[in-house]
Amino acid sequence: MSTSEALVRVEGRRLRLTNLDKVLYPEVGFTKGEVIDYYTRIAPVLLPHVRGRPLTVRRFPNGVGGRSFFEKNVPSHAPEWVRTVRLATPGSAKGAAFADFVVVEGLATLVWLANLAALELHVPQWTVGARGARHSPDLVVFDLDPGEPASVVECCAVACRVRAVLEGDGLSPRVKTSGSKGLQVYASVRVSSPSRTSEYAKAVARRLADESPGEVVWRMARALRPGRVLVDWSQNNPAKTTVAPYSLRARAVPSVSAPVSWAEVEACRSPQDLVFLADEVRERVAVDGDLFGVGGASPLPR
């Protein structure tokens, strides 16, 4: 076996890790071995946020500069112990009625995915039960996307306004970077119907846009976005996914969708203030723990 391969045991599962020295982030020389190491070390705080959620991955077999593809269906060569769930996929671009999604329940599956160069992990705002039954959403998310020349700095101002609305409605919002250009505000919720989170998020987005039309937009039309922050409420559509907390992103450098404190959001003055790379995120977790820790869910107001 070459030095770029290794046989390992993870949670009692035997895995062959390959091409460990392949560079997946050429600008900084970050290798597949380092990707696997990152996901292994960050797993204690990442796993609670993906467990029970059907996973869509974005794979980069030849690194972030090469071809990539989103994958919902579990690969045919997956180990038999990888949990999957078959779910309907209405409106799928590939026309498939169903897909067999991976559900990450433990470290072994996470390491197996990292070995496939699945750099990005995307999950919905709902979970499945032990037998695969689909539950109603337990999260509401506001994806704040800046239109140039706006940046994450403007997103921070809007995030604080989203926070104020949510707290006024009895929710406990938390926030993370997208790992790209924006921010994402979440809250744990209880709902009476699967559509309730979309309805609520849309109403909040419209309210903020009505209050500050020069700064905030709620409609998706790209022509409306320059210089404004899109409060993307559509991420609550049950068919959509959002990048998971602590997931790597396919940028020039191994940036992470990193949970941040509200104090950091309020203090942000430059886009670089809220860019965190893999090593930095591990250090942050060692000091602060999981800033995205899940508290109790609250009912959405009617």
Side-chain angles (χ1 to χ4, degrees), residues 45-46 49 120-125 139-169 171-189 197 200-202 204-209 211-212 214-220 224-236 240-251 253-278 280-281 284-285 288 290-295:
V45 291
L46 183 155
H49 301 298
E120 295 189 356
L121 312 177
H122 298 255
V123 290
Q125 316 313 321
L139 296 170
V140 63
V141 61
F142 298 83
D143 188 9
L144 309 183
D145 185 13
E148 293 183 354
S151 71
V152 74
V153 176
E154 286 73 23
C155 288
C156 286
V158 175
C160 290
R161 294 177 60 194
V162 173
R163 178 193 185 189
V165 173
L166 269 56
E167 289 182 339
D169 285 338
L171 305 179
S172 299
R174 52 195 185 271
V175 62
K176 67 181 179 72
T177 71
S178 68
S180 181
K181 298 178 181 179
L183 286 179
Q184 292 157 349
V185 180
Y186 286 72
S188 297
V189 297
T197 50
Y200 175 77
K202 184 177 181 180
V204 171
R206 292 189 67 168
R207 169 182 166 179
L208 295 178
E211 291 173 352
S212 304
E215 301 169 10
V216 178
V217 61
W218 69 273
R219 290 186 172 91
M220 303 299 160
L224 300 174
R225 299 188 194 181
R228 297 179 174 90
V229 174
L230 170 66
V231 179
D232 187 354
W233 53 272
S234 74
Q235 293 297 309
N236 296 284
K240 289 195 173 185
T241 59
T242 308
V243 67
Y246 301 105
S247 172
L248 291 167
R249 298 308 305 267
R251 310 293 290 176
V253 295
S255 61
V256 173
S257 183
V260 293
S261 69
W262 283 109
E264 288 176 306
V265 172
E266 292 167 354
C268 179
R269 298 293 181 268
S270 164
Q272 289 305 308
D273 290 345
L274 293 183
V275 175
F276 300 102
L277 305 187
E280 295 172 304
V281 171
R284 286 167 60 85
V285 169
D288 299 321
D290 182 13
L291 291 175
F292 216 66
V294 178

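Computed from a predicted model, the values in this text were never measured in an experiment.
For the pair Leu248 and Val256, the minimum side-chain heavy-atom distance is below 4.5 Å. Side-chain contact between Leu46 and Leu121 is present, with heavy atoms from C-beta onward closer than 4.5 Å. Considering only heavy atoms from C-beta on, Val231 stays 4.5 Å or farther from Val204 through its side chain. Considering only heavy atoms from C-beta on, Pro146 stays 4.5 Å or farther from Val152 through its side chain. Considering only heavy atoms from C-beta on, Tyr246 comes within 4.5 Å of Val281 through its side chain. In this structure, the side chains of Trp218 and Leu224 stay at 4.5 Å or more apart for every pair of heavy atoms. Between Cys156 and Leu274, the closest side-chain pair of non-hydrogen atoms falls below 4.5 Å.
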Leu171/Tyr200 under side-chain contact (heavy atoms from CB on, under 4.5 Å): CA gap, chis, key distance, verdict: CA-CA 12 Å; Leu171 305 179; Tyr200 175 77; 3.9 Å; yes
Start with the C-alpha distance between Val275 and Val253, add both sets of side-chain angles, then the distance that settles side-chain contact (heavy atoms from CB on, under 4.5 Å), and finish with yes or no. CA-CA 10 Å; Val275 175; Val253 295; 5.5 Å; no
Set out, in order, the CA-CA distance, both residues' side-chain angles and the distance that settles side-chain contact (heavy atoms from CB on, under 4.5 Å) for Arg225 and Met220, then state yes or no. CA-CA 8 Å; Arg225 299 188 194 181; Met220 303 299 160; 4.1 Å; yes
Under the criterion side-chain contact (heavy atoms from CB on, under 4.5 Å), I'd like the reasoning laid out for Tyr186 against Gln125: C-alpha separation, chi angles, the key distance, then a yes or no. CA-CA 10 Å; Tyr186 286 72; Gln125 316 313 321; 3.5 Å; yes
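The OG1 atom of Thr197 lies 13.0 Å from the NZ atom of Lys202; values are rounded to the nearest 0.5 Å. Atom CD of Gln184 and atom NZ of Lys176 lie 3.5 Å apart (nearest 0.5 Å). One finds the OG atom of Ser234 at 8.0 Å from the CG atom of Asp143 (value rounded to the nearest 0.5 Å). Atom CZ of Arg219 and atom CZ of Arg228 lie 11.5 Å apart (nearest 0.5 Å). Between the CG atom in Asp145 and the SG atom in Cys155 there is a gap of 7.0 Å [rounded to 0.5 Å]. Summarising the geometry, atom CZ belonging to Arg174 is positioned 11.5 Å from atom CG belonging to Leu291; distances are rounded to the nearest 0.5 Å.
The minimum heavy-atom distance between Gln235 and Thr241, with the atom names listed, is OE1-O, 2.8 Å. Shortest non-hydrogen contact noted between Trp233 and Ala205 is CD1-CB, 3.8 Å. Nearest heavy atom pair, residue Ala244 against residue Val123, reads CB-CG2, 4.1 Å. A pairwise comparison of heavy atoms in Ser178 and Val243 identifies O-CG1, 3.8 Å as the closest pair.
The backbone N or O of Thr177 lies less than 3.5 Å from a partner atom in the side chain of Ser257, making a donor-acceptor pair. Panel note: side chain Glu120, backbone Ala250; a donor-acceptor pair is recorded below 3.5 Å. Put simply, the side chain of Asp273 gets close to the backbone of Ser270: a donor and an acceptor are under 3.5 Å apart. The backbone N or O of Val141 sits less than 3.5 Å from a side-chain atom of Asn236, completing a donor-acceptor pair. Listed for the Arg163 side chain is no donor-acceptor partner under 3.5 Å among the backbone atoms of Pro173. Without hydrogens or angle criteria, Ser255 side chain to Gly179 main chain gives a donor-acceptor distance under 3.5 Å.
Within a 6.0 Å radius of CD in Glu211, more than 12 heavy atoms belonging to other residues, nucleotides or ligands are found. Heavy atoms from other residues, nucleotides or ligands lying under 6.0 Å from NZ of Lys181 number 12 at most.
Under the 4.0 Å criterion applied to side-chain N and carboxylate O atoms, Arg284 and Glu280 are not assigned as salt-bridge partners.
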